[in-house]
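Numbered from 1 within each chain, the chains take letters A, B, ... in sequence-line order. Computed from a predicted model, the values in this text were never measured in an experiment.
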Number of protein chains: 2
Amino acid sequence: MPLRDNTEDRILRAATEVFLQHGKDGARMQAIAERAGVNKALLHYYFRSKEKLYQRVIVNLVDHAIKAVLISIPHDGRFRDFLTAFISNYVDHLAATPELIRFVLWEVGSSWRDPEKAATIGTIFKQALERYAGGRNLLLDTIQKAVERGEIRPVDPLHFTISLLAVCVYPFVARPLLEVVFSELDVLSEDFLKARKQELVELLWRGLQPEATNQLWVEEAQS
Amino acid sequence: MPLRDNTEDRILRAATEVFLQHGKDGARMQAIAERAGVNKALLHYYFRSKEKLYQRVIVNLVDHAIKAVLISIPHDGRFRDFLTAFISNYVDHLAATPELIRFVLWEVGSSWRDPEKAATIGTIFKQALERYAGGRNLLLDTIQKAVERGEIRPVDPLHFTISLLAVCVYPFVARPLLEVVFSELDVLSEDFLKARKQELVELLWRGLQPEATNQLWVEEAQS
DNA sequence: GTCTATACCTGGATAGAC
DNA sequence: GTCTATCCAGGTATAGAC
């Protein structure tokens, strides 16, 4: 996200704002031009087409988001600490960037239409992850190791990873639905977010305990 | 979903197919007309506008889906049976209707744009649920009762409900992403679905156990 | 009720002057 | 590099004959 004030960057910033708010189809080149203080012709001069401009914007956004979520996660401590930190981080970041969520939602939704376009958003994520973590998958690895160390019961790392992502993301994705069906609910409120993090750590951590569960105290003593 | 063969119903069926495949914006009135074996003018004759036609289709779809998922859920048995049945039902139904998922995804995504339209898809769900369950919320109630009966530890019913929906829905919603990031993954394969159901029941059920967990055997003996 | 033909609008892209 | 003016495709909606 460059901060210079040349025309190209002004357009890029304007495009980011407009795309975030209206989505790819909803965004109008006219609106982007106005917000950047130029006219439509210049957008094409710099970026050739709406599609190309869009690609630039989305790669920047995903890259930025992935860094923001993963950057402050501990890798070496106990698994429970990792779990707590990841949930807290992820939930907070999701709550803070609702526009980004609907944006990814639009992308995933439309990536279903075109067969080859399906790869697009996925590939953007994959490449951003590789750029950050270099090939290996942080979540899978962390769970795998915790299992091997006997910190948690043997679970399928892939399924648990998916479940972990699921319980964090879902409330924000389904917000328009949930807040109508459960009329008292306010997903973005402080109360809900705080309670959610606690409930999730509690639920998942217990879910990872073996049948006879005094594991907790053993671990406390270890470290 | 009427089965008659008059023009109006033929249009409605054709519209359902086309909307499911292409979404609201992607669908072309021309395509609907062709599939119904009539011409564009007739669509407007019967339904006035694309928007009106679309509303008719979506209400039908949601109504149908909710019935399909909820109809074979036991209400009176033990909580673990309910959990198992719900997960199995829901996952199977989601796996069987991928078009419906992307459709709802589109709707939720676009419901974010217009402030007043936000209510639309939510309201459609709420009304469909009320039509089916008459005011009370099946999931919340079932969890609440299980807590009161001491079958599971005291959890917040709302949070657990959200988590339960989350872990079931997420893999299907995020499929385009997940299948690229985890390259071996095939969400719709028999293997994955079977494993997923088992992992989910296991994870959530353990997550609902109190600290000292011999609860299992007590219950087995009860029934 | 059903067709053909067409009006009319929106929005991305380009030509060409400066 | 930046502007104005314009083109053109794709899409909804309607007029009017049968």
Side-chain angles (χ1 to χ4, degrees), chain A residues 2-59 103 106-107 109-117 120, chain B residues 2-59 103 106-107 109-110 112-114 116-117 120:
Chain A
L3 288 175
R4 323 233 216 151
D5 200 44
N6 57 38
T7 305
E8 182 165 348
D9 293 335
R10 281 219 318 285
I11 293 176
L12 216 41
R13 269 194 313 253
T16 304
E17 291 169 23
V18 175
F19 277 130
L20 270 180
Q21 205 173 356
H22 300 282
K24 181 182 174 181
D25 293 344
R28 301 290 154 227
M29 295 295 266
Q30 181 62 39
I32 295 173
E34 277 167 18
R35 189 174 292 239
V38 298
N39 58 9
K40 283 196 295 176
L42 266 201
L43 306 192
H44 291 90
Y45 174 77
Y46 280 105
F47 298 94
R48 236 191 123 70
S49 73
K50 185 182 183 180
E51 179 66 33
K52 291 269 201 328
L53 175 55
Y54 182 71
Q55 289 298 323
R56 286 284 299 271
V57 168
I58 193 173
V59 169
F103 186 73
W106 279 330
E107 258 309 297
S110 71
S111 84
W112 242 308
R113 188 145 49 209
D114 319 83
E116 75 253 28
K117 221 219 120 169
T120 309
Chain B
L3 289 175
R4 323 234 214 147
D5 201 44
N6 57 38
T7 305
E8 182 166 347
D9 293 334
R10 283 220 316 286
I11 293 176
L12 217 41
R13 271 196 310 260
T16 304
E17 292 168 23
V18 175
F19 277 130
L20 270 180
Q21 205 172 357
H22 300 282
K24 180 182 173 181
D25 293 344
R28 301 291 153 228
M29 296 293 267
Q30 180 62 39
I32 295 172
E34 276 168 18
R35 189 174 290 238
V38 298
N39 59 8
K40 286 193 290 178
L42 266 203
L43 307 192
H44 291 91
Y45 174 78
Y46 280 105
F47 297 94
R48 236 193 122 68
S49 72
K50 185 182 183 180
E51 179 66 33
K52 291 271 201 326
L53 176 56
Y54 182 70
Q55 289 300 322
R56 287 283 298 270
V57 168
I58 193 172
V59 170
F103 187 72
W106 280 329
E107 258 309 299
S110 71
W112 241 309
R113 190 146 46 209
D114 319 84
E116 74 253 27
K117 222 218 122 172
T120 309

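To the nearest angstrom, C1' of D:dC3 lies 13 Å from CG of A:L43. Rounded to an integer number of Å, the gap from A:F47 CZ to D:dG1 C1' is 14 Å. Atoms CG (B:L42) and P (D:dA15) sit 16 Å apart, rounded to a whole Å. The distance from atom OH of B:Y45 to atom P of C:dT2 is 8 Å, rounded to the nearest whole Å.
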Derivation and outcome, salt bridge (charged side-chain N to carboxylate O under 4.0 Å, His left out), residues A:D25 and A:K50: CA-CA 10 Å; A:D25 293 344; A:K50 185 182 183 180; 5.5 Å; no
Criterion salt bridge (charged side-chain N to carboxylate O under 4.0 Å, His left out) on A:K24 and A:E51, from CA distance to verdict: CA-CA 9 Å; A:K24 181 182 174 181; A:E51 179 66 33; 2.6 Å; yes
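B:W106 contributes a side-chain N or O that, together with a main-chain N or O of A:G109, makes up a donor-acceptor pair within less than 3.5 Å.
The overall bend of the helix from C:dG1-D:dC18 to C:dC18-D:dG1, read as the angle between its terminal helix axes built from five base pairs each, is 10° when rounded to 10 degrees.
Aromatic ring pairs are classed by plane angle as parallel below 30°, tilted from 30° to 60° and perpendicular above 60°; the pair A:Y54 and A:F19 is perpendicular.
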Listing, residues 29-43 of chain B side-chain donor-acceptor contacts under 3.5 Å, not counting sequence neighbours, or none:
residue, atom, partner, partner atom, Å
B:Q30, NE2, B:E34, OE2, 2.9
B:R35, NH1, B:E17, OE1, 2.6

Under 4.0 Å protein heavy-atom contact, by nucleotide of nucleotides 4-18 of chain C - B base, S sugar-phosphate only: B------SBBBB---
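OP1 or OP2 of D:dT2 sits under 4.0 Å from a side-chain N or O of A:T7.
The CZ atom of A:R56 sits 6.0 Å away from atom CD of A:E8, with the distance rounded to the nearest 0.5 Å. Distance CG/A:D9 to OG1/A:T16: 10.0 Å, rounded to 0.5 Å. Rounded to the nearest 0.5 Å, atoms CD (A:Q55) and OG (A:S49) are 9.0 Å apart.
At a threshold of 4.0 angstrom between heavy atoms, the contacts of B:Y46 are confined to the sugar-phosphate backbone, with no base atom among them.
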